[in-house]
K.L.:
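After the C-alpha coordinates below, expect a handful of questions from me.
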Amino acid sequence: DTAVSQTPKYLVTQMGNDKSIKCEQNLGHDTMYWYKQDSKKFLKIMFSYNNKELIINETVPNRFSPKSPDKAHLNLHINSLELGDSAVYFCASSGGLAGGVTQYFGPGTRLTVL
Amino acid sequence: AQTVTQSQPEMSVQEAETVTLSCTYDTSESDYYLFWYKQPPSRQMILVIRQEAYKQQNATENRFSVNFQKAAKSFSLKISDSQLGDAAMYFCAYRSVLLNTGNQFYFGTGTSLTVIP
(Lines give C-alpha, C1' and ligand atoms only; values in the text may rest on other atoms or scores of the structure.)
Protein backbone atom coordinates (compact mmCIF):
# COMPACT_ATOMS: atom_id res chain seq x y z
CA ASP A 1 0.00 0.00 0.00
CA THR A 2 1.79 3.08 -1.26
CA ALA A 3 1.22 6.07 1.00
CA VAL A 4 2.63 8.87 -1.16
CA SER A 5 3.28 8.01 -4.80
CA GLN A 6 4.90 10.01 -7.56
CA THR A 7 5.06 9.41 -11.27
CA PRO A 8 7.35 9.19 -13.06
CA LYS A 9 10.35 8.21 -10.92
CA TYR A 10 12.76 9.21 -13.65
CA LEU A 11 12.31 11.89 -16.26
CA VAL A 12 14.86 12.75 -18.93
CA THR A 13 14.01 15.56 -21.30
CA GLN A 14 15.44 18.29 -23.50
CA MET A 15 15.78 21.94 -22.63
CA GLY A 16 12.72 23.96 -23.53
CA ASN A 17 10.25 21.11 -23.10
CA ASP A 18 7.25 21.14 -20.78
CA LYS A 19 6.78 18.28 -18.32
CA SER A 20 4.56 17.26 -15.41
CA ILE A 21 5.11 15.21 -12.29
CA LYS A 22 2.10 13.71 -10.57
CA CYS A 23 1.68 13.07 -6.85
CA GLU A 24 -1.02 11.23 -4.98
CA GLN A 25 -1.42 10.40 -1.29
CA ASN A 26 -3.86 7.90 0.20
CA LEU A 27 -3.24 8.87 3.82
CA GLY A 28 -6.15 11.27 4.21
CA HIS A 29 -3.76 14.19 4.80
CA ASP A 30 -4.89 17.71 4.11
CA THR A 31 -1.52 19.31 3.34
CA MET A 32 0.75 18.46 0.44
CA TYR A 33 4.17 19.81 -0.50
CA TRP A 34 6.71 19.92 -3.29
CA TYR A 35 10.43 20.02 -2.51
CA LYS A 36 13.46 20.30 -4.76
CA GLN A 37 16.64 18.48 -3.73
CA ASP A 38 19.76 19.66 -5.50
CA SER A 39 23.00 17.82 -6.16
CA LYS A 40 24.27 18.74 -2.68
CA LYS A 41 21.20 17.07 -1.15
CA PHE A 42 19.79 20.35 0.14
CA LEU A 43 15.99 20.18 0.46
CA LYS A 44 14.20 23.34 -0.60
CA ILE A 45 10.46 23.82 -0.12
CA MET A 46 8.75 24.99 -3.28
CA PHE A 47 5.01 24.87 -2.61
CA SER A 48 2.52 23.77 -0.01
CA TYR A 49 -1.20 23.23 -0.46
CA ASN A 50 -3.74 22.83 2.32
CA ASN A 51 -7.11 21.47 1.24
CA LYS A 52 -6.42 22.51 -2.36
CA GLU A 53 -5.46 26.04 -1.33
CA LEU A 54 -1.94 27.35 -1.96
CA ILE A 55 -0.35 28.14 1.40
CA ILE A 56 3.38 28.33 0.75
CA ASN A 57 4.85 29.64 -2.46
CA GLU A 58 8.57 30.13 -2.10
CA THR A 59 10.68 32.03 -4.56
CA VAL A 60 10.28 29.69 -7.46
CA PRO A 61 10.33 30.67 -11.15
CA ASN A 62 6.81 31.02 -12.52
CA ARG A 63 7.67 28.29 -15.00
CA PHE A 64 6.74 25.99 -12.13
CA SER A 65 3.01 25.70 -11.55
CA PRO A 66 1.44 23.40 -8.99
CA LYS A 67 -2.10 22.15 -9.43
CA SER A 68 -4.24 20.47 -6.81
CA PRO A 69 -7.44 19.00 -8.28
CA ASP A 70 -8.37 17.57 -4.87
CA LYS A 71 -6.67 17.24 -1.53
CA ALA A 72 -5.23 13.81 -2.40
CA HIS A 73 -3.38 15.08 -5.47
CA LEU A 74 -0.75 17.74 -6.06
CA ASN A 75 0.81 17.84 -9.50
CA LEU A 76 3.77 19.91 -10.61
CA HIS A 77 3.96 21.30 -14.12
CA ILE A 78 7.19 22.79 -15.41
CA ASN A 79 7.34 24.91 -18.56
CA SER A 80 10.38 25.66 -20.71
CA LEU A 81 12.72 23.39 -18.80
CA GLU A 82 16.25 24.63 -18.13
CA LEU A 83 19.48 22.82 -17.27
CA GLY A 84 19.28 24.16 -13.71
CA ASP A 85 15.98 22.41 -13.17
CA SER A 86 17.80 19.09 -13.04
CA ALA A 87 17.24 17.76 -9.52
CA VAL A 88 15.21 15.30 -7.50
CA TYR A 89 11.69 16.51 -6.78
CA PHE A 90 9.87 15.18 -3.75
CA CYS A 91 6.21 15.28 -3.00
CA ALA A 92 5.16 14.98 0.66
CA SER A 93 2.02 15.15 2.76
CA SER A 94 1.04 15.70 6.37
CA GLY A 95 -1.70 16.89 8.64
CA GLY A 96 -5.40 16.41 9.06
CA LEU A 97 -7.18 14.12 11.44
CA ALA A 98 -5.61 11.06 9.83
CA GLY A 99 -2.02 12.13 9.56
CA GLY A 100 -1.09 14.34 12.45
CA VAL A 101 2.12 16.32 12.32
CA THR A 102 4.57 13.97 10.64
CA GLN A 103 5.44 14.55 7.00
CA TYR A 104 5.56 11.55 4.69
CA PHE A 105 7.49 11.62 1.45
CA GLY A 106 7.04 10.11 -1.96
CA PRO A 107 9.91 8.20 -3.60
CA GLY A 108 11.11 11.25 -5.53
CA THR A 109 11.34 12.02 -9.22
CA ARG A 110 14.80 12.45 -10.69
CA LEU A 111 14.55 15.05 -13.43
CA THR A 112 17.43 15.34 -15.89
CA VAL A 113 17.37 18.18 -18.40
CA LEU A 114 19.75 17.75 -21.34
CA ALA B 1 11.69 31.90 9.64
CA GLN B 2 13.10 29.16 11.77
CA THR B 3 16.55 27.85 10.92
CA VAL B 4 17.91 24.37 11.44
CA THR B 5 21.65 23.81 11.51
CA GLN B 6 23.52 20.57 11.06
CA SER B 7 27.17 21.41 11.54
CA GLN B 8 28.56 18.01 10.54
CA PRO B 9 28.37 17.51 6.76
CA GLU B 10 29.93 14.06 7.09
CA MET B 11 30.36 11.52 9.86
CA SER B 12 31.65 7.98 10.00
CA VAL B 13 31.27 5.17 12.49
CA GLN B 14 32.54 1.63 12.87
CA GLU B 15 29.94 -1.07 12.58
CA ALA B 16 28.46 -1.92 16.03
CA GLU B 17 29.69 1.36 17.51
CA THR B 18 27.66 4.40 18.57
CA VAL B 19 27.50 7.72 16.75
CA THR B 20 25.82 11.01 17.54
CA LEU B 21 24.62 13.46 14.91
CA SER B 22 24.16 17.08 15.94
CA CYS B 23 21.33 19.48 15.19
CA THR B 24 20.56 22.93 16.52
CA TYR B 25 17.65 25.17 15.68
CA ASP B 26 16.53 28.71 16.18
CA THR B 27 12.99 29.57 17.23
CA SER B 28 11.06 31.90 19.49
CA GLU B 29 8.21 29.45 19.86
CA SER B 30 7.68 27.40 22.98
CA ASP B 31 5.95 24.46 21.39
CA TYR B 32 6.97 22.68 18.20
CA TYR B 33 8.01 19.34 16.76
CA LEU B 34 11.41 18.03 15.81
CA PHE B 35 12.21 15.16 13.49
CA TRP B 36 15.06 13.13 12.14
CA TYR B 37 14.70 11.73 8.64
CA LYS B 38 16.99 9.24 6.94
CA GLN B 39 17.69 9.22 3.21
CA PRO B 40 19.55 6.08 2.07
CA PRO B 41 21.01 5.74 -1.44
CA SER B 42 17.56 4.66 -2.63
CA ARG B 43 16.67 8.37 -2.02
CA GLN B 44 13.46 7.55 -0.14
CA MET B 45 12.99 9.90 2.82
CA ILE B 46 12.21 7.82 5.90
CA LEU B 47 11.10 9.10 9.29
CA VAL B 48 13.50 7.94 11.99
CA ILE B 49 12.18 9.62 15.10
CA ARG B 50 9.98 12.47 16.30
CA GLN B 51 10.06 14.64 19.42
CA GLU B 52 7.36 16.92 20.77
CA ALA B 53 8.88 19.97 22.46
CA TYR B 54 6.45 19.85 25.37
CA LYS B 55 7.67 16.39 26.32
CA GLN B 56 10.68 16.32 28.60
CA GLN B 57 11.36 12.67 27.95
CA ASN B 58 13.69 11.96 25.05
CA ALA B 59 12.16 9.94 22.23
CA THR B 60 13.52 6.46 21.51
CA GLU B 61 12.96 4.08 18.60
CA ASN B 62 14.91 0.86 18.99
CA ARG B 63 18.58 1.72 18.34
CA PHE B 64 17.78 5.39 17.68
CA SER B 65 17.40 7.92 20.46
CA VAL B 66 17.56 11.67 20.77
CA ASN B 67 19.06 14.07 23.26
CA PHE B 68 16.64 16.98 23.31
CA GLN B 69 17.92 20.04 25.13
CA LYS B 70 15.17 22.63 24.82
CA ALA B 71 16.96 25.50 26.50
CA ALA B 72 20.02 24.98 24.33
CA LYS B 73 17.84 24.41 21.24
CA SER B 74 19.71 21.23 20.51
CA PHE B 75 18.34 17.97 19.13
CA SER B 76 20.99 15.31 18.55
CA LEU B 77 20.43 11.80 17.23
CA LYS B 78 22.25 8.85 18.74
CA ILE B 79 22.54 5.64 16.76
CA SER B 80 23.60 2.67 18.85
CA ASP B 81 25.04 -0.60 17.54
CA SER B 82 25.46 0.93 14.07
CA GLN B 83 24.64 -1.31 11.15
CA LEU B 84 25.65 -1.12 7.50
CA GLY B 85 22.06 -0.27 6.64
CA ASP B 86 22.30 2.91 8.71
CA ALA B 87 24.53 4.47 6.08
CA ALA B 88 22.53 7.37 4.71
CA MET B 89 22.03 11.11 4.70
CA TYR B 90 20.30 12.23 7.89
CA PHE B 91 18.16 15.36 8.01
CA CYS B 92 16.99 17.21 11.07
CA ALA B 93 13.67 19.05 10.70
CA TYR B 94 11.54 21.51 12.65
CA ARG B 95 7.78 22.05 12.46
CA SER B 96 5.80 24.73 14.19
CA VAL B 97 2.49 24.02 15.92
CA LEU B 98 1.12 27.39 14.85
CA LEU B 99 -1.75 27.17 12.41
CA ASN B 100 -0.61 30.14 10.35
CA THR B 101 2.65 28.50 9.25
CA GLY B 102 0.93 26.23 6.75
CA ASN B 103 2.40 23.13 8.38
CA GLN B 104 5.79 24.15 7.00
CA PHE B 105 8.82 22.05 7.80
CA TYR B 106 12.33 23.50 8.03
CA PHE B 107 15.13 21.13 7.16
CA GLY B 108 18.81 21.19 7.97
CA THR B 109 21.43 20.66 5.29
CA GLY B 110 21.97 17.04 6.22
CA THR B 111 24.75 14.84 7.61
CA SER B 112 26.11 12.03 5.48
CA LEU B 113 26.79 8.99 7.65
CA THR B 114 29.22 6.28 6.53
CA VAL B 115 29.31 2.97 8.36
CA ILE B 116 32.66 1.20 8.21
CA PRO B 117 32.56 -2.61 8.28
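Throughout, a chain's letter reflects where its sequence line sits, starting with A, and its residues are numbered from 1.
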K.L.:
Is NZ or CZ of B:Arg43 both nearer than 6.0 Å to the six-membered ring centre of A:Tyr35 and within 45° of the ring axis?
P.N.:
no

K.L.:
Can you give me the closest heavy-atom contact between A:Gln103 and B:Tyr37, atom names plus distance?
P.N.:
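Taking every non-hydrogen atom into account, O-OH, 2.5 Å.
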
K.L.:
Quick check for you: to the nearest 0.5 Å, what is the distance between B:Gln104 atom CD and A:Ile45 atom CD1?
P.N.:
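Rounded to the nearest 0.5 Å, the CD-CD1 separation comes out at 6.0 Å.
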
K.L.:
Would B:Val13 and B:Val48 show up in the same hydrophobic cluster when neighbours are defined by side-chain heavy atoms closer than 4.5 Å?
P.N.:
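Cluster IDs for B:Val13 and B:Val48 match.
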
K.L.:
Non-hydrogen atoms of chain A under 4.5 Å away: do they reach the side chain of B:Met45, the backbone, both or neither?
P.N.:
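Both parts, backbone and side chain.
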
K.L.:
Rounded to the nearest 0.5 Å, how far apart are CE of B:Met89 and CG of A:Leu43?
P.N.:
9.5 Å

K.L.:
Please flag which part of A:Gln37 lies under 4.5 Å from any non-hydrogen atom of chain B: side chain, backbone, both or neither.
P.N.:
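Interface part for A:Gln37: side chain.
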
K.L.:
State, to 0.1 Å, how close B:Phe105 and A:Val101 come at their nearest heavy-atom pair, and which atoms those are.
P.N.:
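Taking B:Phe105 first and A:Val101 second, the nearest heavy atoms are CZ-O, 3.1 Å.
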
K.L.:
Is the NZ atom of A:Lys44 crowded by more than 12 outside heavy atoms at less than 6.0 Å?
P.N.:
yes

K.L.:
What part of B:Tyr33 gets within 4.5 angstrom of chain A, counting heavy atoms only: side chain, backbone, both, or neither?
P.N.:
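Answer is side chain: those atoms of B:Tyr33 sit under 4.5 Å from chain A.
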
K.L.:
Hey, is NZ on B:Lys78 packed in by over 12 heavy atoms from elsewhere, all under 6.0 Å?
P.N.:
no

K.L.:
Hydrophobic clustering (ILVMFWY, side-chain heavy atoms < 4.5 Å, transitive) - are A:Tyr104 and A:Trp34 grouped together?
P.N.:
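In one cluster with A:Trp34: A:Tyr104, no.
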
K.L.:
Would you mind checking which part of B:Glu52 comes under 4.5 Å of any heavy atom in chain A, side chain (CB onward), backbone (N, CA, C, O), both or neither?
P.N.:
neither

K.L.:
Take atom CG of B:Asn62 as the centre, draw a 6.0 Å sphere, and report whether it contains more than 12 heavy atoms from other residues, nucleotides or ligands.
P.N.:
no

K.L.:
I'd like to know which of A:Lys40, A:Arg110, A:Glu53 tops the heavy-atom pair count under 4.5 Å against chain B.
P.N.:
A:Arg110

K.L.:
Count I, L, V, M, F, W, Y as connected when their side-chain heavy atoms are under 4.5 Å apart, and connections chain through other members. Are A:Leu11 and A:Met46 then in the same cluster?
P.N.:
yes

K.L.:
Hydrophobic clustering (ILVMFWY, side-chain heavy atoms < 4.5 Å, transitive) - are A:Tyr89 and A:Val4 grouped together?
P.N.:
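Each belongs to a different hydrophobic cluster.
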
